> 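My structure is below; once you've seen it, I'll send some questions.
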There are 2 protein chains.
Amino acid sequence: MEIKRLNILRALDQHGTVIAAAQALHLTPSAVSQQLAVLAREADAVLLEKHGRGVRLTPAAHVLLGHADAIATRLEQARADLAAQRDGRIGRARISGFPSGIAGLIAPALARLKHTHPGWRFEVVQYETEQALPLLPARELDLAVVMTHPDLPAPDHPRIELHPLLDEPFEIALPADHPLAGRAEVTPGADLVDADWIITAPGTACHDLLLTACHQAGFQPRLVHTSTDFGAQLALVAAGLGVTIIPRLAQPELPRGVVLRPITAPAPRRRLMAAVRRGQGPTPLLDALRTVGAELAERGAPG
Amino acid sequence: MEIKRLNILRALDQHGTVIAAAQALHLTPSAVSQQLAVLAREADAVLLEKHGRGVRLTPAAHVLLGHADAIATRLEQARADLAAQRDGRIGRARISGFPSGIAGLIAPALARLKHTHPGWRFEVVQYETEQALPLLPARELDLAVVMTHPDLPAPDHPRIELHPLLDEPFEIALPADHPLAGRAEVTPGADLVDADWIITAPGTACHDLLLTACHQAGFQPRLVHTSTDFGAQLALVAAGLGVTIIPRLAQPELPRGVVLRPITAPAPRRRLMAAVRRGQGPTPLLDALRTVGAELAERGAPG
DNA sequence: CTCAATCGGTAGTTTTGCTACATGGAGATC
DNA sequence: GATCTCCATGTAGCAAAACTACCGATTGAG
């Protein structure tokens, strides 16, 4: 039951005679006859019967023929899918990101790809940077949106390469009725030494980043509230329970009662990058992420 | 792109390593490796990549794999269908009959087969006996329900064999208010010499049969109305426009205002037979037709 | 660091598939 | 009705392929 033999049967059905089928397949009639005999033995059925000078297909041959046509069609689809995959019209990818990376970069990028690359299937998983990176070489992930992080692989890492997506400053989120709310800039080390701080959980990149920034500014923030979710943090700010710093661009929706104020230079920044396996080449996904990142950088306040 | 190669890819996916796949297929690992290399060349795609000590399938391999699984399933269905056809669980047949044969024998037989042989597909075509017979050896028909007819092949015809289904008398159909309606038997040659006759079109078997019967009874019927359809004929009878003879059993539904009366012996009879290609062996269809015929004969008046 | 295991390449053998030619059978032609 | 023509198929020989046996390279495990 090989495809070659099934195609010989199909050719015989289409062309009527063994000789015509042989011509169409660039074979001799004898070869066609022999292969059909093998197919009949494999199928344990009589496929041909004499009819006049030629042959005709038996009912059993027609049963087989229906399936042979379906198989040929499916094989053609397989070839088409392989070609489509080669030039990027179809594909699958697993992407990871931390929450604000998913919301700010991955989701908009996938929304574009849904229209421009309808054949692609994407799966999104939430991981922090240090969890995501080892999953790339293991092929559990195809792309990870990561943040500036001590675990980041060196630029010449043999298996992972990094593509910058967005470089954005953190800003101070204050209650709208806060004394500093009217200021053009805020200097945490001077203005917010006594503030209550809201911070993401230890182990996240933002946590480390805040502490480092405050340390460099020469003071120890009083950490009072903890939530991993920027939305929840801002709700706490709006309720007047403290202040926090959040990335400027990845949080487009501010709740009422919260204002963002730039931080006096050098403001802490976070750098978002796309990590992919080295040598993977350009993908529609990476292109879309870079486009979204560039648009966000352009839209936001420069610096 | 041969099935053998696709199955090797499937085995590799199932068993994980080239060695395990080779064992499952009773091959050496080298053969598996070589065939996968050929498949990769045919698919114009990289199918394997090193992963630790073993290999793993690439995305392109998974694309191909999905189709390979579908093809393997379809091939299994083909084998099952061939087996089912061998032992008669599935099949196709074209059947011909004249109108009352279709209504009285073919339709009831197919109704049974629909339950007992759900895998069979039947096509019914209406032909008169002389049209149907040559279509049997040409394989345009697989079975024809035919009537006693001069063109009937001899019992030792080399390509066609005949199986008796039903031997039924014609009876006289009279308006219920006809003077003869109360009689136990009617003798057309004596009682109906002056009646208006309703008859099927020239060229049908019933037409010849009526004329022959009347001729033997020694009179010439006055043919007034013509219709091929027994239902239409009986409507004319009910309207008092004439009399006709119809086969007893194949017309179970009598309209109001019509009575059937037996004809004095020797009553004209018609013999229904199933014609099939010689050497075709028993088929569910032929069995069902014989059963229906036997039941009709048993139910109707014997003789 | 050594060992064990896996995969892939090469040479040689076996199996399969194809061609060339001949045979037999069934319309078509005269 | 004899011959001719066309078609399918069997046989022998040859070419292509698929497979085995063996070896080397690579990599993870102990």
Side-chain angles (χ1 to χ4, degrees), chain A residues 1-43 45-58 60-61 65 68 134 137-140 158-159 277-279, chain B residues 1-43 45-58 60-61 68 134 137-139 158-159 277-279:
Chain A
M1 284 281 196
E2 284 299 317
I3 287 178
K4 187 187 296 183
R5 284 190 255 275
L6 294 176
N7 278 336
I8 291 178
L9 183 66
R10 281 167 22 94
L12 178 59
D13 179 54
Q14 284 169 19
H15 297 91
T17 74
V18 172
I19 287 185
Q23 281 180 346
L25 297 168
H26 304 291
L27 290 174
T28 59
S30 184
V32 170
S33 198
Q34 290 174 44
Q35 291 304 310
L36 288 174
V38 173
L39 184 61
R41 192 170 48 74
E42 288 171 341
V46 177
L47 297 180
L48 304 183
E49 61 179 9
K50 296 186 197 304
H51 176 239
R53 285 199 280 206
V55 288
R56 83 180 330 167
L57 300 185
T58 63
L65 200 52
R139 286 217 180 255
E140 305 240 345
R159 312 185 68 166
R277 281 184 297 280
R278 182 166 294 279
Chain B
M1 282 280 196
E2 283 301 316
I3 286 178
K4 187 187 296 183
R5 284 191 256 275
L6 293 176
N7 279 336
I8 291 178
L9 182 65
R10 281 167 21 93
L12 177 60
D13 179 54
Q14 285 167 20
H15 296 93
T17 74
V18 172
I19 288 185
Q23 280 179 345
L25 296 168
H26 305 290
L27 290 173
T28 60
S30 184
V32 170
S33 200
Q34 290 174 45
Q35 290 305 308
L36 288 174
V38 173
L39 184 61
R41 191 170 48 73
E42 289 172 338
V46 178
L47 297 180
L48 304 184
E49 61 178 10
K50 295 187 197 304
H51 176 236
R53 285 196 279 206
V55 288
R56 84 179 331 168
L57 300 184
T58 63
R139 286 216 180 256
R159 312 185 67 167
R277 280 184 298 279
R278 183 166 294 279

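Per chain, numbering begins at 1; letters A, B, ... match sequence-line order. Computation of the quantities below employed the complete heavy-atom set of this structure, encompassing side-chain atoms and omitting hydrogens, waters and symmetry-equivalent molecules. Note that the structure is predicted; figures quoted are calculated from it, not measured.
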> Check DNA chain C against residues 26-36 of chain B and give the residues with a non-hydrogen atom under 4.0 Å, in numerical order.
B:S30, B:S33, B:Q34
> Which part of the nucleic acid, if any, lies within reach of A:R5 when heavy atoms closer than 4.0 Å are counted: base, sugar-phosphate only, or nothing?
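Result for A:R5 = sugar-phosphate.
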> Can you tell me how far apart CZ (B:R56) and CD (B:E49) are? Round to the nearest 0.5 Å.
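If we round to the nearest 0.5 Å, B:R56:CZ and B:E49:CD are 6.5 Å apart.
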> Report the distance from atom CD of B:E2 to atom CD1 of B:I8, rounding to the nearest 0.5 Å.
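Here the rounded value is 11.5 Å.
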> Within this structure, what is the CG-CG distance for the pair A:L47 and A:L65, rounded to the nearest 0.5 Å?
10.0 Å
> Take atom CG of B:L9 and atom P of C:dC7, then tell me their distance rounded to the nearest Å.
14 Å
> So B:T17 and B:V55, do their side chains get closer than 4.5 Å, heavy atoms only?
no
> Specify the residue among A:K50 and A:K4 whose closest nucleotide of DNA chain C lies further upstream toward the 5′ end.
A:K4
> C:dA26 P sits how many Å from A:R53 CZ, rounded?
12 Å
> Heavy atoms of chain A, cut-off under 4.0 Å: which first and last nucleotide of DNA chain D, 5' to 3', fall inside that, if you could look?
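Taking any atom under 4.0 Å from a heavy atom of chain A, the span is D:dT5 to D:dT11.
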> In whole Å, I'd like the distance from the CD1 atom of A:I8 to the P atom of C:dC18.
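Atom-to-atom, A:I8 to C:dC18, this comes out as 6 Å.
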> Would you tabulate the side-chain donor-acceptor contacts of residues 31-43 of chain B under 3.5 Å, counting partners in other chains and residues two or more places apart, or write 'none'?
unit_1, atom_1, unit_2, atom_2, d
B:Q34, NE2, B:S30, OG, 3.0
B:Q35, OE1, B:R5, NH1, 2.7
B:E42, OE1, B:M1, N, 2.4
B:E42, OE1, B:R5, NE, 3.3
B:E42, OE2, B:M1, N, 3.0
B:E42, OE2, B:R5, NH2, 3.3

> Atom NE2 in B:H51, atom OG1 in B:T58: separation rounded to 0.5 Å?
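These two atoms lie 13.5 Å from each other.
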> How far apart are the C-alpha atoms of B:N7 and B:K4, what are their side-chain angles, what is the distance that settles it, and do they pass the side-chain contact (heavy atoms from CB on, under 4.5 Å) test?
CA-CA 5 Å; B:N7 279 336; B:K4 187 187 296 183; 5.9 Å; no
> How long is the line joining CG of A:L39 and P of C:dT16, in whole Å?
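Distance, rounded to whole Å: 16 Å.
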> Check this for me: A:R139, atom CZ, are more than 12 non-hydrogen atoms of other residues, nucleotides or ligands nearer than 6.0 Å?
yes
